[in-house]
Amino acid sequence: MELNELLEKNRERLRKFVSLRLDARIAPRADASDVIQEAFVEAARRFHELQAQPDTPPYVWLRFLVGQKVAQFHQKHLAVAARDPRREVRIDAPLHCPPALSSVMAIQLLDRGVSPSAIAQQTELRATLEMALDAMEEVDREIIALRHFELLDNREAAAVLDISPEAAYKRYVRALKRLKEIMPQS
């Protein structure tokens, strides 16, 4: 597959990926398009790496490069957060990008209401869902983000997490079960 075709085919998936991970405080200075554009320049420079790894799913390779750019944007625009030890990531960690933000996931999991009472219910439910997502382990939130928002299949999610497709499927099912258990019953 040609690089331009690969980039255009995956642009919207990558936009969703960035929207889940880009800190809102960066919005006045940069947005998903800026991150993706810089990643595409990097992809053009490093395309030979993908061609040398025929077993790597092309989207996973692009996602990796975009994830690096998200991390660079965070470092550049949120210098204080870059020094926060809670945000440090091991170099050999499988998730080479910032984690999905619970607040963004909560908003995207809920449909928008139109009446004032529906908006109030949505706001309350969103806060509850965000707290439930925050209470989950990062790997559980990540597998939900990979499968539900980024629409990765088991093979792609497994490649991102550096686990088998079977393990990725089981992890996804367990994470959904945990989220259901954490959420208060209505």
Side-chain angles (χ1 to χ4, degrees), residues 1 6-7 9-23 32 35-36 38-40 42-43 46-75 78 81-82 84-109 129-183:
M1 179 181 290
L6 177 66
L7 298 177
K9 177 183 173 190
N10 291 292
R11 185 180 298 274
E12 285 309 308
R13 286 175 81 186
L14 293 168
R15 187 177 305 283
K16 286 181 182 181
F17 168 75
V18 173
S19 73
L20 284 173
R21 289 166 171 77
L22 193 64
D23 193 297
V35 174
I36 291 169
E38 285 196 25
F40 284 4
E42 184 73 9
R46 295 173 58 180
F47 190 56
H48 66 279
E49 292 175 13
L50 175 63
Q51 293 171 322
Q53 301 172 0
D55 292 339
T56 300
Y59 174 77
V60 172
W61 179 77
L62 279 175
R63 182 188 180 282
F64 170 77
L65 294 179
V66 173
Q68 286 183 324
K69 289 297 173 187
V70 170
Q72 289 171 2
F73 270 66
H74 282 174
Q75 233 175 2
L78 304 172
D84 184 343
R86 292 171 295 167
R87 295 184 60 101
E88 289 181 6
V89 177
R90 288 186 2 238
I91 191 94
D92 61 341
L95 308 176
H96 303 284
C97 61
L101 302 172
S102 297
S103 57
V104 177
M105 289 176 66
I107 289 168
Q108 291 188 19
L109 282 171
L129 183 55
E130 188 175 336
M131 286 190 310
L133 288 164
D134 280 337
M136 296 177 74
E137 291 183 29
E138 186 174 329
V139 69
D140 288 339
R141 281 193 313 273
E142 189 64 23
I143 192 69
I144 290 171
L146 293 173
R147 296 293 314 279
H148 189 77
F149 298 110
E150 292 185 51
L151 305 176
L152 271 64
D153 60 27
N154 279 331
R155 181 173 164 257
E156 292 169 328
V160 168
L161 297 173
D162 197 26
I163 58 177
S164 72
E166 296 79 19
Y169 173 76
K170 289 176 184 176
R171 186 168 279 172
Y172 177 59
V173 170
R174 280 194 307 262
L176 290 176
K177 183 179 176 185
R178 285 184 189 123
L179 180 59
K180 187 176 179 182
E181 289 170 354
I182 294 170
M183 285 295 294

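Since the structure is predicted, the reported quantities are computational estimates derived from the model, not experimental observations. We use all heavy atoms of the structure for the numbers below, so side chains are in, but hydrogens, waters and symmetry mates are not.
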Quick check for you: to the nearest 0.5 Å, what is the distance between [X] atom [atom1] and [Y] atom [atom2]?
X    : Y    : atom1 : atom2 : result
K170 : E166 : NZ    : CD    : 7.5 Å
L50  : F47  : CG    : CZ    : 5.5 Å
R171 : I143 : CZ    : CD1   : 7.0 Å
I182 : L129 : CD1   : CG    : 10.0 Å
R46  : F64  : CZ    : CZ    : 6.0 Å
I144 : L20  : CD1   : CG    : 11.5 Å

Heavy atoms, side chains only, cut-off 4.5 Å: are [X] and [Y] in contact?
X    : Y    : result
L78  : F73  : no
E130 : L133 : no
L22  : H74  : yes
L62  : R13  : no

Minimum heavy-atom distance [X]-[Y], with the two atoms named:
X    : Y    : answer
L14  : I36  : C-CD1, 3.8 Å
A132 : L179 : CB-CD1, 4.0 Å
K16  : L151 : NZ-CD1, 4.1 Å
L7   : A43  : CD2-CB, 4.3 Å

What pairs with N154 under side chain to side chain donor-acceptor pair (under 3.5 Å), at least two apart in sequence or on another chain?
R147
If you apply the rule salt bridge (charged side-chain N to carboxylate O under 4.0 Å, His left out), what do you find for E150 with R63, and how did you get there?
CA-CA 10 Å; E150 292 185 51; R63 182 188 180 282; 2.7 Å; yes
Pair E181-R174, salt bridge (charged side-chain N to carboxylate O under 4.0 Å, His left out): steps then yes or no
CA-CA 10 Å; E181 289 170 354; R174 280 194 307 262; over 6 Å; no
Looking only at atom types and distance, does a side-chain atom of R141 sit under 3.5 Å from a main-chain N or O of M136, one as donor and one as acceptor?
yes
